[in-house]
Participant: 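Sharing a structure below in structure tokens format, with a few things to ask.
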Amino acid sequence: MTEDQQLTYDAATRRDQGVRAAVDQGLVGPGAPVAGLLDVAGIRASAASLRAAFEAVTAPGTPVLHAFAVKATPLVPVLRLLREEGIGAEVASPGELALARAAGLTPARTVLDSPAKTPAELREALTLGIAVNADNPQELARIDALVASAPTASPLGIRVNAQIGAGSIGALSTATATSKFGVALRDEGARAWVVQAYLDRPWLTRLHTHTGSQGVPLDLMAQGVSAAYELAEEINRAAGRQQIDTVDIGGGLPVNFTSDEETPTYADYARLLAATVPGLLDGRYGLVTEFGRSLLAKHGTVLALVEYTKTSGGRPIAVTHAGVQSATRTVYAPESWPLRIAAYDAKGRPKSGPPVAQDVAGPACFAGDLLAENRELPLLEQGDYAAALDTGAYYFAQHYTYNSLPRPGVYGFTAHPGEPVTLATVRKPQTVEEIVAESGGGESDALLGL
Ligand SMILES: *Cc1c(COP(=O)(O)O)cnc(C)c1O
């Protein structure tokens with residue numbers, strides 16, 4: 001086996017062991033028909049490879065903050081685990097900031113980006129000393145007033161959109177000509193405005209860009225970083241000093257959803273950056289990165305009980321408990337977000353058998369609620385489990401409340417071949433009482449007196 005095959009083998013073996021243990025321990029089963037699982041060893045390995053990839057290409061002593069994009073997996077124990085692995089947090093709402101703080105992330109390890117920050121959010125961030133990237137001139141004007149009113153430890157920057165083009169998924173392409181994010185650099189007068197904004201504000205020391213997410217090819221991401229670097233150089237030349245000391249290059253490394261292989265790797269991307277923008281890595285600039293999906297996706301599994309099986313129009317259908325509530329993007333945009341499905345038997349053992357084309361359906365009451373359509377798998381039977389793989393980012397952690405389906409429990413596991421599996425609760429399953437309370441249960445008479 002090559003080293004890559006060994007890693008691939010390990011991830012699949014660990015997953016099988018985690019599934020078996022979750023079924024054995026009743027974390028998923030008739031009483032809890034769907035659960036999310038997280039492979040802790042896999043998460044640690046991804047964090048370590050991210051750190052190593054940038055250490056390998058930056059000049060010794062270069063400050064690098066890897067800030068995990070909290071939206072990818074907004075779970076406090078995950079943020080805490082990443083913190084232990086040396087990873088900070090990129091937040092984009094008061095809720096995400098609160099999660100990062102609950103996980104013990106310090107302001108110095110936190111970055112606030114969002115296209116719609118309120119005055120109160122900006123004031124809180126500057127009071128705490130959290131880094132802020134201004135999205136637009138109006139936001140910069142608000143920051144001007146705050147900076148004038150009280151000293152702040154926050155590193156401050158502007159987000160720019162290099163308008164270098166889209167990837168294969170429009171909704172996730174942040175660097176198009178008309179993207180809603182940042183200052184559109186190629187628009188008439190915009191570049192000159194950005195340069196002047198820095199010259200007028202000696203406290204603006206960062207520059208931010210995030211060129212895209214899943215579907216954006218690596219060379220396009222590198223072009224986006226290159227455009228930000230060229231702009232930082234232009235501003236520093238105009239200022240006659242190293243005013244911009246840190247470039248925030250965003251996240252967006254795409255994830256392979258077709259096999260257990262982790263490709264492209266952080267090392268691939270870091271090497272491409274070293275070849276494309278060597279000046280950014282020569283020690284004059286600190287770096288911030290904001291990876292989300294690539295840190296967590298491969299390490300999560302949605303495991304769902306097969307409640308019933310039947311046929312329709314001659315096609316077998318497995319009706320499971322995981323659908324649009326846990327895999328929203330896949331259900332609504334199956335062409336852009338196909339997921340691998342693995343079949344397990346009623347004891348949680350990998351299922352074998354000849355491949356049979358079948359639908360793997362969710363529990364929600366609309367026809368399109370399918371995890372996979374016409375997919376070849378060992379025939380699923382009542383009491384088996386269907387597992388949606390690579391769902392550690394932007395899936396079960398981001399519940400969608402269709403049909404008032406409960407948020408499933410999420411469990412972390414460690415599994416090593418030949419050793420017993422240990423599981424820990426990351427998020428408890430939502431109860432029916434909580435659903436009622438969160439759905440106005442305490443205000444049941446509210447409309448009667450109107
Ligand atoms: C979503 C987002 C990220 C993370 O993107 P991934 O594709 O999950 O790596 C990073 N930075 C910003 C500003 C984002 O909006």
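Indexing begins at 1, ligand by ligand and atom by atom, following the structure's order. What you see is a predicted model; the values in this text were computed from it and never measured. Numbers here simply count residues along the sequence, with the first being 1.
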Participant: Numbering the atoms of ligand 1 from 1, which are under 4.0 Å from a heavy atom of E90?
Facilitator: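 That gives atoms 11 (N), 12 (C), 13 (C) of ligand 1.
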
Participant: Where on A69 is there a heavy atom closer than 4.0 Å to ligand 1, on the side chain, on the backbone, on both, or on neither?
Facilitator: side chain

Participant: Would you tell me whether E438 and Q430 have side-chain atoms, one donor and one acceptor, within less than 3.5 Å of each other?
Facilitator: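 Present: a donor and an acceptor within the cut-off.
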
Participant: Strictly under 6.0 Å, is that where the ring centroids of F54 and H66 end up?
Facilitator: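 Yes, they do, as the ring centres are separated by less than 6.0 Å.
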
Participant: From the options D10, D260, T301, select the one residue that forms a side chain to side chain donor-acceptor pair (under 3.5 Å) with R15.
Facilitator: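 Going through the options one by one, the only one that passes is D260.
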
Participant: State whether R14 and D39 are salt-bridged, where the test is any N-O pair (Lys NZ or Arg NE/NH1/NH2 against Asp/Glu carboxylate O) under 4.0 Å.
Facilitator: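 Salt bridge flag = yes for D39 with R14.
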
Participant: Has ligand 1 got any nitrogen or oxygen that is less than 3.5 angstrom from a nitrogen or oxygen of S213?
Facilitator: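 Yes; the residue has a nitrogen or oxygen that sits under 3.5 Å from a nitrogen or oxygen of the ligand.
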
Participant: Heavy atom to atom 8 (O) of ligand 1, shortest distance: which of F291, Y394, F68 holds it?
Facilitator: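 That would be Y394.
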
Participant: I'd like to know if R340 and D390 make a salt bridge, using a cut-off of under 4.0 Å between side-chain N and carboxylate O.
Facilitator: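 Looking at D390 together with R340, the answer is yes, because their closest N to O distance falls below 4.0 Å.
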
Participant: Under 4.0 Å from a heavy atom of R293: which atoms of ligand 1 are those, numbered in the order shown and with their elements?
Facilitator: 6 (P), 7 (O), 8 (O), 9 (O)

Participant: Quick one: do R206 and D245 make a salt bridge, cutoff under 4.0 Å?
Facilitator: no

Participant: Between K71 and E96, does any side-chain N to carboxylate O distance fall below 4.0 Å?
Facilitator: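 Salt bridge: no.
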
Participant: Measure the distance from atom 15 (O) of ligand 1 to every protein heavy atom, then report the residue, atom name and distance (to 0.1 Å) of the closest one.
Facilitator: K71 NZ, 2.9 Å

Participant: Looking at non-hydrogen atoms alone, which of M221, H208, H210, Q214 comes nearest to atom 12 (C) of ligand 1?
Facilitator: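 Answer by nearest heavy atom: H210.
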
Participant: Is the shortest heavy-atom distance from the side chain of I158 to the side chain of N133 under 4.5 Å?
Facilitator: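 I158 vs N133: side chains apart.
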
Participant: Relative to the heavy atoms of R159, which atoms of ligand 1 are at a distance of less than 4.0 Å?
Facilitator: 13 (C)

Participant: Does ligand 1 have a heavy atom under 4.0 Å from the side chain of E290, from its backbone, from both, or from neither?
Facilitator: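 Contact part for E290 vs ligand 1: both backbone and side chain.
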
Participant: Using a 4.0 Å cut-off to any heavy atom of G252, which atoms of ligand 1 qualify?
Facilitator: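 Within the 4.0 Å cut-off of G252, ligand 1 contributes 5 (O), 6 (P), 7 (O), 9 (O).
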
Participant: At a 4.0 Å threshold, what atoms of ligand 1 neighbour a non-hydrogen atom of D113?
Facilitator: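 Atoms satisfying the 4.0 Å criterion: 13 (C).
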
